[in-house]
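Reviewing the structure listed below.
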Amino acid sequence: MMGLFRDLINGLRAFTPAERRNIAIYILGIMMYKFGLEAFNGSIVALATNRYDYESITNKTPSRTFERVGLLTGLNQAFQCVGSILIAPLVKRFPTKNVLSGAVAVFGFCSAILLIIDAATGGTFMPVAYRNNHPKNEWSYYGKYNTDAMIPVYCISGIAYGMVELIRRVIPRDIVGGDVQKLRKMDSIVHIFYEITGTAGAFTTGLVIIPSLGNNMAFIITPVCFAFSALIWSFLSTLNFKPSHTSPNSKPHGYLKSAVHGLTLFAESILVGCRILFSSRKFIWLVPGYAIALYAHRYLENGIAPQIARRYLGDSAYSQIMVGGSNLGELLGALCVLLFTNVIHTPLPWLRLDALFLLAVWYIPFWYPPSGQVSQAWLVAATFMPISFGWAAGDVSLAAYIQASLARLESKNRNVSALGAVMAFLYSFYIVTYAILGTVLGRYLDGMYNRSGGVHGGDIREGLVFTVGVQFTVVAALVAAATFVPRGAWAFNPRMVEGDSLEGRGVGEDVERREGGKVMVTATVTVTTARKDSDEGSLVSSEGRKMREML
């Protein structure tokens with residue numbers, strides 16, 4: 001431990017005083033942002049779950065709760081891509097810190113829309129008498145609006161979410177420059193504080209805020225947190241920003257043209273990424289190893305956790321406790337990758353561990369916990385920790401592998417980078433998979449619940465055998481099989497994959513040198529996936545510069 005502490009101190013000494021100041025400001029802002037984000041996302045999912053159930057109870061109609069929740073979360077993630085494309089032209093016209101502060105302020109406003117709608121339609125804070133003994137299926141203090149109205153609002157917030165997540169991928173490069181070592185050190189430090197805050201935010205939301213204010217008002221702290229985050233980030237330096245100059249005649253339409261151009265290149269990058277991945281044994285295994293594994297992780301947090309919380313424990317707020325345990329597992333997984341970087345050289349051992357831990361969900365269909373006990377939610381959180389530990393370790397190491405290996409690949413397309421194209425396809429594949437399966441599996445569970453009695457004793461355990469047990473077994477098999485596809489992968493802990501050693505070279509250099517012409521940073525679709533990547537600085541160093549060169 002003392003050695004790790006000394007390494008941390010030595011790592012901080014590598015930064016200049018100005019860089020340390022900007023890093024400190026950035027970390028403080030991102031902690032405020034993450035806390036508000038956990039309150040928002042957790043409350044929205046819990047609110048939608050309760051509202052759709054309440055709607056079916058009061059209208060005496062069959063439940064469609066998890067079909068709609070799956071659609072809600074899937075569309076939100078899709079609109080994050082739209083936000084990332086819309087924000088791209090702004091960073092070449094304005095200082096990054098201003099764009100980041102403005103984007104998080106917009107996100108704060110979007111997060112307040114549902115609060116305004118709820119209050120305008122008669123919604124109030126949860127009655128004090130309900131805090132210790134909440135009546136079952138009683139949410140009369142919610143606003144009287146159609147629950148489907150949450151879908152477009154959550155989509156709008158997804159656009160703002162994508163804007164913020166993209167900019168915070170670029171700003172580390174502006175803070176410390178293109179030095180890959182500095183970027184990795186900075187990202188490791190930021191990542192630790194980010195996940196610590198995320199874990200604390202999830203637990204606080206599930207244990208304190210929702211039980212005190214109600215699902216409909218629990219995210220009232222989100223606009224406040226986002227406002228403070230925007231204010232804190234405004235104190236960052238201008239970071240050597242040099243605005244892009246355009247001709248006077250093109251100014252009125254510059255942003256619109258850039259946004260449309262970005263959308264076109266995004267579509268083109270998906271096609272290029274598909275060709276790269278499916279035309280080579282070296283890369284085809286990334287589809288199950290990265291995209292399908294990511295889908296399973298998101299379904300665990302956004303699908304299984306709400307299902308257990310509502311149908312097993314009777315309180316949708318408990319899903320945030322489970323997500324908190326998942327976040328803690330992610331933090332530990334990322335830290336292990338950081339600690340064992342010199343021991344485990346490729347992502348393959350981590351992916352195999354991920355596949356093994358996915359099988360831990362088989363207890364869920366056969367578990368009969370007493371309803372209404374928060375201790376049962378903590379048990380689920382404890383079981384989610386190793387599952388998310390395996391996923392995060394695989395995700396972090398695999399993302400670094402993708403960046404390093406594709407930096408050596410010269411793209412034949414002059415408009416998009418190989419790295420950006422592959423990440424665009426992988427993330428789009430995950431989004432489409434989640435949007436379809438999240439909705440279809442949710443509808444299947446709703447039908448199972450309705451046929452077995454609905455609100456009068458309905459049960460979804462038979463359905464969970466397939467949506468949880470069988471599905472995750474298939475995912476585990478695909479992920480495990482993928483680890484044996486590349487050449488040299490049969491060793492337990494191979495030092496190289498496909499004959500490439502990923503040690504000792506700053507990734508991102510080859511991409512920028514070889515990709516002539518105009519480049520669109522399509523790798524920005526790693527908005528939510530690169531969050532756990534402690535080596536994402538290499539991606540930022542290359543793609544951040546390209547963003548400023550984009551027309």
Side-chain angles (χ1 to χ4, degrees), residues 37-56 59 61-83 107 110-118 121 123 139 142-143 145-162 165 202 205-206 210 214-219 222 294-311 316-320 322-323 326 427-428 430-447 449 460 467 527-528:
L37 182 65
E38 286 294 335
F40 179 65
N41 285 337
S43 299
I44 289 296
V45 172
L47 175 63
T49 303
N50 284 351
R51 285 192 64 93
Y52 279 117
D53 262 2
Y54 190 51
E55 188 179 77
S56 67
N59 297 336
T61 56
S63 174
R64 56 174 187 166
T65 299
F66 292 112
E67 172 192 349
R68 290 315 219 188
V69 170
L71 180 65
L72 181 77
T73 54
L75 288 176
N76 175 265
Q77 291 164 3
F79 274 82
Q80 290 175 32
C81 287
V82 177
F107 195 3
C110 292
S111 68
I113 293 177
L114 278 177
L115 293 171
I116 297 171
I117 293 175
D118 191 84
T121 55
W139 297 288
Y142 286 177
Y145 61 89
N146 191 313
T147 306
D148 283 340
M150 294 182 65
I151 295 177
V153 174
Y154 202 41
C155 287
I156 294 173
S157 70
I159 295 176
Y161 188 6
E165 291 294 306
T205 301
I210 292 179
N215 307 101
N216 58 324
M217 293 292 177
F219 53 100
T222 298
L294 174 60
Y295 157 76
H297 177 71
R298 292 289 177 249
Y299 190 77
L300 180 76
E301 292 187 345
N302 298 330
I304 297 176
Q307 292 161 11
I308 295 175
R310 181 69 191 131
R311 296 291 181 248
S316 58
Y318 289 168
S319 64
Q320 275 304 96
M322 304 171 197
V323 172
S326 177
Y427 191 66
S428 299
Y430 143 70
I431 284 178
V432 172
T433 302
Y434 189 95
I436 295 175
L437 290 184
T439 304
V440 171
L441 296 180
R443 179 182 297 178
Y444 169 71
L445 289 177
D446 289 336
Y449 178 71
I460 62 172
T467 64
V527 168
T528 58

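Hydrogens, waters and symmetry mates play no part in the numbers below; they use all other heavy atoms, side chains included.
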Show the nearest heavy-atom pair for residues Tyr449 and Ser63, with the distance to one decimal. CD2-CB, 3.9 Å

Between Arg68 and Asp53, is there a salt bridge with N-O shorter than 4.0 Å? no

For side chain to side chain contact (heavy atoms under 4.5 Å, CB included), just list the numbers for Arg310 and Asn50, CA-CA rounded to whole Å, side-chain angles, deciding distance to a tenth of an Å, and then say yes or no. CA-CA 8 Å; Arg310 181 69 191 131; Asn50 284 351; 3.9 Å; yes

Let me confirm one number: the CG-OG1 distance from Leu441 to Thr467, rounded to the nearest 0.5 Å. 6.0 Å

Between the CD1 atom in Ile210 and the CG atom in Asn216, the distance rounded to the nearest 0.5 Å is 10.0 Å

Say you draw a straight line from CG of Leu300 to CE of Met322; how long is it, rounded to the nearest 0.5 Å? 10.5 Å

Within a strict 4.5 Å, meaning less than it, do heavy atoms of the Thr222 and Leu115 side chains meet? no

Nearest 0.5 Å, what's the OG1-CG distance between Thr73 and Asn302? 5.0 Å

For Gln320 and Thr205, what are the C-alpha separation, side-chain angles and deciding distance, and is it a side chain to side chain donor-acceptor pair (under 3.5 Å)? CA-CA 7 Å; Gln320 275 304 96; Thr205 301; 4.5 Å; no

Straight-line distance of Asp118 CG to Ile113 CD1, nearest 0.5 Å: 13.5 Å

Can a donor-acceptor pair be found, under 3.5 Å and without considering hydrogens, that links the side chain of Ser319 to the backbone of Pro306? no

Any side-chain to backbone donor/acceptor pair from Arg51 onto Trp139? Under 3.5 Å, distance only. no

Could you go through Arg64 and Leu71, starting from their C-alpha distance and side-chain angles, then the distance that decides it, and tell me whether this counts as side chain to side chain contact (heavy atoms under 4.5 Å, CB included)? CA-CA 11 Å; Arg64 56 174 187 166; Leu71 180 65; over 6 Å; no

Taking it one step at a time, do Phe66 and Thr49 satisfy side chain to side chain contact (heavy atoms under 4.5 Å, CB included)? CA-CA 7 Å; Phe66 292 112; Thr49 303; 4.2 Å; yes

Roughly how far, to the nearest 0.5 Å, is the CG atom of Leu445 from the CD1 atom of Ile304? 9.5 Å

Kindly assign one of parallel, tilted or perpendicular to the pair Phe40 and Tyr154, based on the angle between their ring planes and the thresholds 30° and 60°. tilted

Answer yes or no: is there a donor N or O on one side and an acceptor on the other, between the side chain of Asp446 and the main chain of Glu67, under 3.5 Å? yes

May I have the step-by-step check of side chain to side chain contact (heavy atoms under 4.5 Å, CB included) for Gln80 and Tyr427, ending in yes or no? CA-CA 11 Å; Gln80 290 175 32; Tyr427 191 66; 3.8 Å; yes

Which heavy atom of Glu55 sits nearest a heavy atom of Asn146, and at what distance? OE2-OD1, 4.0 Å

